[in-house]
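Along the sequence shown, residues are numbered consecutively beginning with 1.
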Amino acid sequence: MDTSQYLELFIDETKEHLQSLNEHILELEKDPENDDTINEIFRAAHTLKGMSGTMGYTRMQRLTHDLENVFSEIRNGNMKANEKLVDILFRGLDALESYLDVISSTGSEGTEDNEDIINDLNEVIAEETGADGSAPEETKKVEVSPANEAKPAENSPAKNKYEQIPVSEYEIHAMENAKEDGQNVFGITVYLQESCILKAARAFLVFKTVEDKGELIKSIPDTEKIEDEEFELDFSWILATKESKETIRQLIMNVSEIAEVCIDDFKYTTVVQNTQPEKEEKKEEKPEVKEPAKKQPPQAAAKGKVASRSVRVDIDKLDVLMNLVSELIIAKNALVSVTSGDNGAEVGSGQIFHENIEYLERVTTNLHESVMKVRMVPIESVVNRFPRMIRDLNRKLNKKMELYMTGEDTELDRTVIDELGDPLMHLLRNSADHGLESNEERVRLGKPEVGSIFLDAYQDGNNVTIEVRDDGGGIDTEKVRRKALEKGTITLQQAEAMTDKDYIDLLFQPSFSTADKISDVSGRGVGLDVVKTKIESLGGSIEARTVKGQGSTFMIQLPLTLAIIQALMVEVGKEKYAIPLGNIDTIEDISQDDIKLVQSKEVIYLRGSVIPIIRMNEILEMEDYDKEADIESGVAVVVKKGDQRLGLVVDNLLGQQETVIKSMGHHITNAKLFSGATILGDGEVALILDTNTLI
């Protein structure tokens with residue numbers, strides 16, 4: 001059998017188990033006596049060992065086996081988790097992640113044996129328990145084996161279901177031939193754990209494990225039903241093999257999520273006696289077999305495991321579905337355009353035609369919302385690796401710090417989530433390195449010795465806001481000013497007119513850093529400008545706030561989705577443009593009298609605020625634009641980016657429309673002004689303005 005079809009499943013599950021180990025080992029370091037945490041760690045390690053062994057990744061299996069030995073000793077109370085041990089465990093997890101990266105790219109685990117980690121693990125066991133590294137394995141065998149021996153000994157028909165397998169004359173003949181050849185003929189019943197999600201995959205791995213040890217004569221249910229998951233939590237089969245019962249049982253138990261294996265010599269009398277009672281016994285047993293299955297959902301719900309309620313969907317399939325929705329919306333816009341055109345009264349006079357348009361609009365809206373929900377994933381998948389990173393920085397920087405996270409269940413579009421990890425990591429490392437003071441300095445200032453870093457996420461209208469903040473010393477704007485003058489980023493004349501916020505914005509300039517020395521944590525001048533570029537490429541914005549001596553806050557705003565947006569259609573000259581509704585603050589009618597000059601820049605005074613304006617005819621370089629002409633009357637669309645606002649002077653408003661964002665490719669030279677294009681109902685193409693680049 002070919003295991004390549006299960007490679008993607010193996011990679012996904014391994015990522016989940018490694019993340020679970022990271023989180024629980026962090027908890028174990030804080031609370032070494034917590035039995036629930038220790039059991040979760042052991043369970044995840046045991047599952048990983050079984051999965052990697054079944055897939056044939058022997059190096060990965062060996063390393064997880066040694067990690068499991070350590071967890072077994074901790075669980076048995078023979079040793080305690082300390083700082084040194086946790087460091088080695090994390091090195092082991094990093095090595096497993098390296099194996100997984102190689103497997104993801106090549107399909108094989110590579111040639112790295114990680115002997116140093118394995119030796120360190122065995123040394124720690126020897127130090128703590130006074131035994132060599134093989135002791136835990138022997139202990140484990142003593143623990144596991146008797147349990148496995150005892151269960152088949154009960155000899156109950158409910159457990160030994162292989163006794164009920166009906167056999168034909170041909171199958172009897174095959175068993176007799178196997179015995180003449182010196183082989184054993186075993187009846188086997190395998191019980192899966194109630195928490196097992198992918199039953200068919202587990203059954204396949206069981207068969208794959210023993211396939212080269214003998215010949216499968218018959219299975220109940222048959223292999224097709226097992227592949228289709230048409231069975232409860234157990235399956236039985238007859239196996240002809242030269243191996244012993246214990247060897248076969250041990251091979252099967254090495255597969256993860258196996259609860260029990262019943263195995264013994266298969267006995268039969270005649271075909272009729274094996275077939276008829278089987279029907280009767282099955283009728284009697286149905287309530288007994290199905291009863292545990294009915295109890296399963298509440299147990300899964302009680303544990304609160306996300307995996308049991310989630311479905312993995314290939315992102316490419318979702319993209320195809322999204323394109324179909326896009327075309328559907330374009331078709332709807334075309335129909336709306338016909339009814340609102342010059343011949344709209346003639347064509348759309350029929351009531352049925354209007355009803356069809358309303359129906360189409362309802363369908364597209366519902367379909368859009370449904371697809372959006374499918375594409376949305378919790379931000380937790382990005383942020384759950386950060387506590388481990390902060391722990392490592394704690395050691396590297398010799399600073400005591402804690403990370404507090406809220407809003408991990410806030411959902412974002414999958415395409416945004418995939419790109420969000422690196423920017424957030426940059427900001428957290430910045431807070432740890434630049435933001436927080438040293439332990440001694442914090443004590444001197446009367447602050448808690450342990451610094452705090454906060455990562456909060458929450459939905460705000462059609463956007464998601466993510467805040468990264470700390471309780472450190474804040475941004476030293478005077479230091480930024482000196483560095484900017486030294487580098488020639490600003491002139492002395494510009495510096496005199498700049499506010500604190502202007503200085504903070506300088507931190508987002510390329511290659512600008514206030515670090516006194518370069519480190520591998522931060523201070524290379526490639527942090528915040530990269531963050532800003534990435535966030536803006538996702539249609540979002542970032543701004544920083546600071547209070548000297550109290551800390552800094554970096555606020556990221558991102559759209560919920562990148563594929564379909566609500567937009568305001570405007571006209572500039574003879575061209576139509578779309579402005580995303582999420583970026584619009586207000587819309588104002590203005591005249592030439594409303595426009596004032598401040599430092600040679602045009603502004604309007606709006607409800608107590610001075611708002612700069614730009615004329616879109618000039619920015620978009622319209623051919624018939626007369627720069628000297630006064631505005632008799634016009635419309636200012638006031639857009640926002642954080643606390644900043646800007647008025648875009650346009651000629652006309654055309655109304656709100658649901659727009660499909662299409663990529664413009666690399667052929668438009670002034671692409672920074674636009675985030676994409678959309679196709680209107682009449683087939684005309686309208687560009688979507690990226691207001692973040694204008695502010």
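Remark: Ile466 CD1 to Ile535 CD1 distance equals 7.0 Å, nearest 0.5 Å. To the nearest 0.5 angstrom, Leu63 atom CG is 10.5 Å from Arg91 atom CZ. Summarising the geometry, atom NZ belonging to Lys501 is positioned 13.5 Å from atom OG1 belonging to Thr477; distances are rounded to the nearest 0.5 Å. How far CG of Asn430 is from OG of Ser552: 9.5 Å, rounded to the nearest 0.5 Å. Separation of atoms CD1 (Ile103) and CG (Leu7) is listed at 7.5 Å; rounding is to 0.5 Å. Atom OG of Ser381 is separated from atom CD of Glu408 by 11.5 Å, given to the nearest 0.5 angstrom.
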Yes or no on side chain to side chain contact (heavy atoms under 4.5 Å, CB included) for Glu109 and Val102, after CA distance, side-chain angles and deciding distance?
CA-CA 6 Å; Glu109 61 181 340; Val102 176; 5.8 Å; no
Go through Arg395 and Glu83 one step at a time and tell me if the side chain to side chain contact (heavy atoms under 4.5 Å, CB included) criterion holds.
CA-CA 11 Å; Arg395 308 291 299 282; Glu83 195 175 271; 3.4 Å; yes
Would Tyr458 and Glu467 count as a side chain to side chain donor-acceptor pair (under 3.5 Å) here? Give the steps.
CA-CA 9 Å; Tyr458 53 90; Glu467 293 184 8; 2.9 Å; yes
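Partner of Arg391 under the salt bridge (Lys or Arg N to Asp or Glu O under 4.0 Å) criterion, chosen from Glu29, Glu23, Glu27: Glu29. The residue from Leu646, Thr691, Val638 that alone fulfils the side-chain contact (heavy atoms from CB on, under 4.5 Å) condition with Asn583 is Thr691.
For the pair Ile74 and Phe42, the minimum side-chain heavy-atom distance is 4.5 Å or more. Using a 4.5 Å heavy-atom cutoff, the side chains of Arg388 and Asp94 are in contact. Between Lys483 and Val480 there is no side-chain heavy-atom pair separated by less than 4.5 Å.
Using bins of under 30°, 30° to 60° and over 60° for the plane-to-plane angle, the ring pair Tyr57/Phe10 lands in the tilted bin.
Judged purely by distance below 3.5 Å, without hydrogens or angles, the side chains of Ser98 and Asp101 never pair a donor atom with an acceptor atom.
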